[in-house]
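Let me begin by presenting the structure, written as structure tokens, before commenting on it.
In what follows, every chain begins at residue 1, and chains take the letters A, B, ... in the order their sequences are listed.
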Amino acid sequence: MDKVIIAEELTLSYNKDETIINQANFSVDSGSFTFITGASGSGKSTLLKSLYGAIKPKQGSLVVGGAQIKNISSKKLNFLRQHIGIVFQDYKLIKEWTIEKNVMLPLIIGGFQKSVSEQQVHKLLSHVKLNHQSGKYPLELSGGEQQRVAMARALSHNPILILADEPTGNLDDYSAELIWNLLEGANTQLKTTIIVVTHHIPENMKIPYKHLHIEFGTIYEVS
Amino acid sequence: MKSLKNHFSLILALFSILFAIQIFIINDRALEAYEQKLSSSYSMIVVSNVAISNDTFKTYSSNIEKVDILSADEIIKKLQENISQKNIELLKLSLPKFYRIHLKTFPTSYEVESLTKTLKKNSSITRVEDFSSNHDTVYKLLLLFKQITQLFTLVILLVTVLLIAKELRIWQFKHSERMNIMGLFGAPVWLRSAVLFRLALIDALIASFMAIFFFYGISMSTWTADQLSVIGIDITIFEWLSDGSILLGVAVLISILLASLIVVGYKEEV
Ligand SMILES: Nc1ncnc2c1ncn2[C@@H]1O[C@H](COP(=O)(O)OP(=O)(O)OP(=O)(O)O)[C@@H](O)[C@H]1O
Ligand SMILES: [Mg+2]
């Protein structure tokens, strides 16, 4: 089976004194579903950052989508990112853009036709039950609503890999269920590879998944 | 409404810069016109025993515009009744020649002094009246005015730099978040900064059109024309083509520079 991510002896840090991830070895199969858990501050978001090339490995090797992240060119990195859908822990919505345009961002970057993009955006906004809010700005929405916008944006361009950092952290059970169904749907129907950072793995997962746990800089494969 | 507020601060900064530039242009024009007026009213009187040609005068200074010979006919006419024609001819020959020298530009005090000296070296020139004390006061006043203008420009320039620097920081803050997010989704640099350049260009256009119409309004008003005619100078306050293109050019240049600085200084946040 194809590997979307291969990490060997991967070491991550922000500065010399402190190592966040220490010589980790793991891989992620194409079309698989992976959960990452760990205590607050254990380095879950840091690991995701390395997967989309925001921080470079200090040591070891990290290959994402066939590209070596350590010495990737900015052009190649842009190309890679255009095929990843990210849900950030702090959402990272563009404040001065409407909800509709925010969700459309990956499609704008991909150069899609406007009518096609609009259709896709409306479909996704209705999936996250936010169709009626499309004209509003991010700061006019609740935290949970913003999180759902971020999810819609991550799915809009049908990426091959989705990285979601606590995508249900701010949601009630009903909305959380909505998100899990969306992610499972993308995984089963579109064969999208999905990596989710979470504190609670949902109990009623209908599909097989891998579980990575981070503790004291080490990544363990739980299941 | 929201986007209007976003535009407002840069437009205001650009407009004040353009305003200062045009004021400087007008002031410069007025000073030049005033200097021209002074130079046309200023002249030296030279008395000589023998006739001196125009060309000879011009060898004394390149700043000499023209030399008029002052006719003695008026004086002679009065004498004509008592003196015979033959004597008058004689008198005409023995009378010294009077010349009025006009200069191209209003001379500095030093120029007046040195020209007087040069003229006096010619032994046939018996007297040079340079009206120097009168010239001195006018000249010093002009000098003072020019210095004040230069100081004014310097201050404006300083304020401008501060204004732009402040604007740069605001822009960096305002746009870096969006550029960062776009980058995280793989937007190439040109796409990330496209909004920035478009905004900058739009603001430059708005600011320069505002300035152009403002000064056009002023140049059309009768009040300003009245004020200028009081000092006795006639200048164009605003020239559509030359002044308009300067203002437009400066505004576009500054805003493009601003946008480029932000793009160059941009770093991805982690
Ligand atoms: N930009 C940064 N610069 C320096 N250190 C950082 C930065 N971001 C995170 N860290 C440090 O890295 C460590 C791991 O942070 P990270 O955000 O990956 O944790 P996390 O597992 O995502 O925690 P949480 O569950 O609270 O989101 C923390 O100790 C944090 O202080
Ligand atoms: Mg985190």
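The distance from atom CG of A:L163 to atom CG of B:L184, rounded to the nearest 0.5 Å, is 11.0 Å. Considering CZ of B:R178 and NZ of A:K95, their distance stands at 11.0 Å, rounded to 0.5 Å. In this structure, CD1 in B:I181 is found 9.0 Å from CH2 in A:W97, a value given to the nearest 0.5 Å. Atom CD of residue B:E177 and atom CD of residue A:E96 lie 7.0 Å apart, to the nearest 0.5 angstrom.
B:K104 NZ: more than 12 foreign heavy atoms inside a 6.0 Å radius. Applying the 6.0 Å contact sphere to CZ of B:F197 captures more than 12 heavy atoms from other residues, nucleotides or ligands. Heavy-atom neighbours of B:Q147 CD from other residues, nucleotides or ligands within 6.0 Å: above the threshold of 12. Within a 6.0 Å sphere centred on CG of B:L144, other residues, nucleotides and ligands contribute more than 12 heavy atoms. Counting heavy atoms of neighbouring residues, nucleotides and ligands inside a 6.0 Å radius, atom CD of B:E65 exceeds 12 of them. Remark: B:F145 CZ is loosely packed, at most 12 non-hydrogen atoms of other residues, nucleotides or ligands lying under 6.0 Å away.
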Next item on the list: Could you walk me through whether A:N78 and B:R192 pass the side chain to side chain contact (heavy atoms under 4.5 Å, CB included) test, one step at a time?
Entry: CA-CA 12 Å; A:N78 281 339; B:R192 272 179 249 170; 3.6 Å; yes
Margin query: For a side chain to side chain contact (heavy atoms under 4.5 Å, CB included) check, start with the C-alpha distance between A:I94 and B:M179, then their side-chain angles and the critical distance, and finish with the verdict.
Written below: CA-CA 9 Å; A:I94 295 173; B:M179 287 167 73; over 6 Å; no
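For A:L93, the part lying near chain B is the backbone, with the side chain staying farther off; criterion is any non-hydrogen pair under 4.5 Å. Contact annotation for A:L105: only side-chain heavy atoms (C-beta onward) come within less than 4.5 Å of a heavy atom of chain B. For A:F88, the part lying near chain B is the side chain, with the backbone staying farther off; criterion is any non-hydrogen pair under 4.5 Å.
A donor-acceptor pair under 3.5 Å links the side-chain atoms of A:R81 to the main chain of B:G183, judged by distance alone.
Taking both residues in full, the closest heavy atoms of B:F185 and A:I86 are given as CZ-O, 3.7 Å, listed atom of the first, atom of the second, then distance.
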